[in-house]
Amino acid sequence: QNLGIHVNSMLSALLVTFCALILGWYFFFHKAKKTSESTPTLPLKGGHAVVVGSGVAGLSAAAVLTEHFDKVTIIEKDTLPDEINTSTRTATPQGNHAHNLFSLGKEMFYTLLPGLKDDWASYLDVDFGIVPTYSYGGWRVFPDQSILVTKMIGRPALELTIRQRLLNNNKGKVELLSRSKVTGLELNEDNSKLTEVHYEDEDGHSHTLKPDFFVDCCGRYAQISRLLKRKVTQPSFITLNPKVRYTSALLSYPDKKNHFFLSLPPVPHNMRGAMTWPIDNKGTHVCTLIMVGGVTCKPNQQDVLNYLRELPDPQLPNGGENIVELVANATLEREWIQFNDSGSRRSNMHELNDWPENYIMLGDVLQCLNPIYGQGMTVATIQALVLRDCLHKFGTWNGFSVKFHKTVMKAIFPFWRFTSTADLLVPNVAYDGPPVDWRTRLFVWYFRHVACAAVVYGDVWRTRLRTMQGVAPLHTLFTPRIMWAALSNYLFSPATSLRTTRWLRNSTIIRT
């Protein structure tokens with residue numbers, strides 16, 4: 001009995017000691033560390049900032065920089081329209097296709113540019129709950145449940161309104177040099193700082209700027225860091241190319257109503273998808289075909305209709321229209337246009353520790369995502385807000401670019417994880433990067449079964465959509481409820497199970 005009391009006393013003492021150590025670590029180390037990290041420093045102020053690129057990323061970055069610099073210059077090689085038109089800029093060919101701004105990106109833009117909410121008031125806010133969405137064997141509609149409200153606005157109109165609001169809010173502070181091209185970048189003697197930017201204006205005259213801060217937002221199609229006259233380590237990239245093509249046109253429907261549908265390709269059962277939604281308040285709709293894994297469709301009306309007939313299920317749910325008839329009866333406002341370059345790419349800028357301290361990359365040049373998931377514009381605004389936080393948090397330029405790139409790449413990694421996982425589901429996807437480890441392969445397997453379960457379970461659908469849009473963190477896909485739904489799909493749904501030795505034909509999938 002005495003021995004039992006002694007053992008119990010020892011165990012109690014050990015438990016109390018362990019709890020004391022945990023509490024001590026929390027209050028004296030963890031809490032102190034958090035306090036020191038959250039202590040604000042004096043924000044970096046004054047001087048001249050230069051931004052290359054006037055896309056969504058460049059305009060978002062410029063909006064942040066106006067809070068910290070006396071002057072902000074934006075250099076853009078394209079001609080920028082003064083009014084909304086149906087065609088997009090040369091540097092953004094993807095702008096011809098379906099775009100929407102997720103609720104998270106929309107609210108962040110409202111924060112960056114006061115007054116923009118009023119500018120967008122005439123454009124449609126659509127809850128994804130009312131959009132019929134096809135994925136893995138069934139259509140889903142949640143008309144009585146608010147999921148996520150998305151701003152339906154075309155890319156040309158979105159860029160124009162943001163650009164005009166930025167210039168109106170910062171008259172005399174923001175200079176926009178259109179039809180100008182960067183021709184050279186100069187570093188100081190020890191390569192620690194960018195000192196000069198050379199560019200040519202629309203008349204071919206050469207000019208030189210001496211910026212205090214430089215932001216590269218040149219997009220996925222250019223890499224002006226190659227213009228650095230002194231040799232520095234250039235970033236490398238992880239690339240994924242699921243061979244996705246898009247063909248789009250602007251349509252107006254005879255009933256003058258707003259039409260919505262989103263048919264996602266249920267890879268690998270079927271590699272075809274399509275979508276349509278309004279882009280203004282005048283009845284203009286964009287219709288985009290999604291072709292995965294090398295599937296093609298010539299950009300003409302007859303081939304488009306034949307393509308739509310081969311969708312997994314072209315009949316909209318709840319007595320809705322037939323997609324083929326809907327498009328066939330529409331009036332073409334702009335002819336069909338094709339876009340072929342739609343892979344995902346992520347740089348390793350966060351691993352470079354010798355990059356010039358006042359030169360950062362932002363936007364698609366840092367990380368570009370397959371447009372099928374609609375995350376690009378939201379990710380661009382997230383990066384701009386990370387830049388704002390870093391300009392406030394770091395009180396010196398010493399090592400600024402390295403710290404910023406490490407911070408921003410961590411912030412946008414969940415979007416890369418989501419997109420790259422979905423891309424890896426495509427058979428024969430072209431991949432250039434480090435070997436795919438077992439954790440990634442397991443996540444791809446799990447991700448597919450979550451997508452299949454989302455067709456049956458409404459709560460799984462909403463959670464998956466919220467993580468895709470960045471409203472919910474990625475770990476919410478690993479709650480017991482979601483894991484059980486994915487496991488149930490694996491065990492009890494032979495039409496979508498990865499245990500089968502071959503992919504089943506899509507016609508065998510039961511429509512829910």
Side-chain angles (χ1 to χ4, degrees), residues 96-100 128 130-142 242-251 253 255 257-278 285-330 332 335-340 342 370-374 422-423 425-427 448 451-452 454-456 461 464-465 468 493 495-496 503-512:
N96 290 309
H97 307 282
H99 277 66
N100 63 72
F128 251 86
I130 72 168
V131 179
T133 303
Y134 181 94
S135 178
Y136 288 99
W139 288 96
R140 297 299 298 175
V141 186
F142 302 96
K243 303 179 182 65
V244 179
R245 295 181 175 91
Y246 301 93
T247 298
S248 297
L250 296 183
L251 310 174
Y253 296 105
D255 58 6
K257 296 180 180 179
N258 291 325
H259 294 269
F260 310 89
F261 68 79
L262 174 58
S263 178
L264 296 173
V267 175
H269 303 288
N270 194 299
M271 304 295 188
R272 290 170 171 81
M275 65 183 79
T276 194
W277 48 63
H285 291 65
V286 60
C287 181
T288 295
L289 313 184
I290 310 168
M291 296 157 278
V292 183
V295 174
T296 60
C297 175
K298 294 180 180 179
N300 62 72
Q301 185 74 353
Q302 189 56 50
D303 284 335
V304 166
L305 295 178
N306 290 335
Y307 173 91
L308 293 175
R309 292 187 181 97
E310 297 181 21
L311 290 176
D313 188 353
Q315 181 64 48
L316 295 178
N318 302 328
E321 304 96 331
N322 183 280
I323 293 174
V324 181
E325 296 175 359
L326 187 67
V327 174
N329 295 328
L332 275 175
E335 294 295 327
W336 295 95
I337 297 175
Q338 196 165 72
F339 174 64
N340 295 322
S342 58
N370 187 340
I372 192 173
Y373 309 109
D423 284 348
L425 288 171
V426 179
R448 171 173 161 73
C452 294
V455 180
V456 181
W461 175 263
R464 182 172 178 265
L465 187 64
M468 182 182 75
S493 180
T496 54
W503 295 115
L504 301 178
R505 293 178 59 85
N506 187 69
S507 58
T508 64
I509 299 178
I510 300 174
R511 179 175 171 178
T512 57

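Computed from a predicted model, the values in this text were never measured in an experiment. Excluded from the calculations below are hydrogen atoms, water molecules and symmetry mates; all remaining heavy atoms, backbone and side chain alike, are included.
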Heavy-atom check, side chain of N322 versus side chain of L316, under 4.5 Å: no
Distance-only donor-acceptor hits, side chain of residues 286-295, under 3.5 Å, sequence neighbours excluded:
{"residue": "T288", "atom": "OG1", "partner": "A98", "partner atom": "N", "Å": "3.0"}
{"residue": "T288", "atom": "OG1", "partner": "S248", "partner atom": "OG", "Å": "2.6"}

Is E335 reaching over with its side chain to a backbone N or O of P299, donor-acceptor style, under 3.5 angstrom? no
How long is the straight-line distance from CG of L262 back to CE of M275, given to the nearest 0.5 Å? 5.5 Å
Test of understanding: with salt bridge (charged side-chain N to carboxylate O under 4.0 Å, His left out), list the residues that count as partners of E310, not counting sequence neighbours. R272
Main-chain N/O of Q302 paired to Y307 side chain as donor or acceptor, under 3.5 Å: no
Can you check whether Q315's main-chain N or O pairs, donor with acceptor, with W139's side chain at less than 3.5 Å? yes
What's the verdict on side chain to side chain contact (heavy atoms under 4.5 Å, CB included) for L311 and Y134, showing C-alpha distance, side-chain angles and the deciding distance? CA-CA 10 Å; L311 290 176; Y134 181 94; over 6 Å; no
List the residues meeting side chain to side chain donor-acceptor pair (under 3.5 Å) with Y253, not counting sequence neighbours, and say none if there are none. T276
Using a 4.5 Å cut-off on heavy atoms from C-beta on, say whether the side chain of M271 contacts that of P427. yes
Minimum heavy-atom separation for V324 to P314, with atom names? CG2-CB, 4.4 Å
Just verifying a value: how many Å separate L251 CG and N329 CG, rounded to the nearest 0.5 Å? 11.0 Å
Restricting to side chain to side chain donor-acceptor pair (under 3.5 Å), what partner residues turn up for E321, sequence neighbours left out? H259
Would you check if K243 and V426 make a side-chain contact, meaning some heavy-atom pair closer than 4.5 Å? no
I'd like to check F261 versus L326 (side-chain heavy atoms, cut-off strictly below 4.5 Å). Are they in contact? yes
Mind checking side chain to side chain donor-acceptor pair (under 3.5 Å) for H285 and listing every partner two or more places apart, or none if nothing turns up? none
Rounded to the nearest 0.5 Å, what separates atom OG in S263 from atom CG in D313? 8.0 Å
Test side chain to side chain donor-acceptor pair (under 3.5 Å) applied to W277 - qualifying residues, sequence neighbours left out: none
Working to the nearest 0.5 angstrom, can you tell me the gap between L465 CG and T133 OG1? 8.0 Å
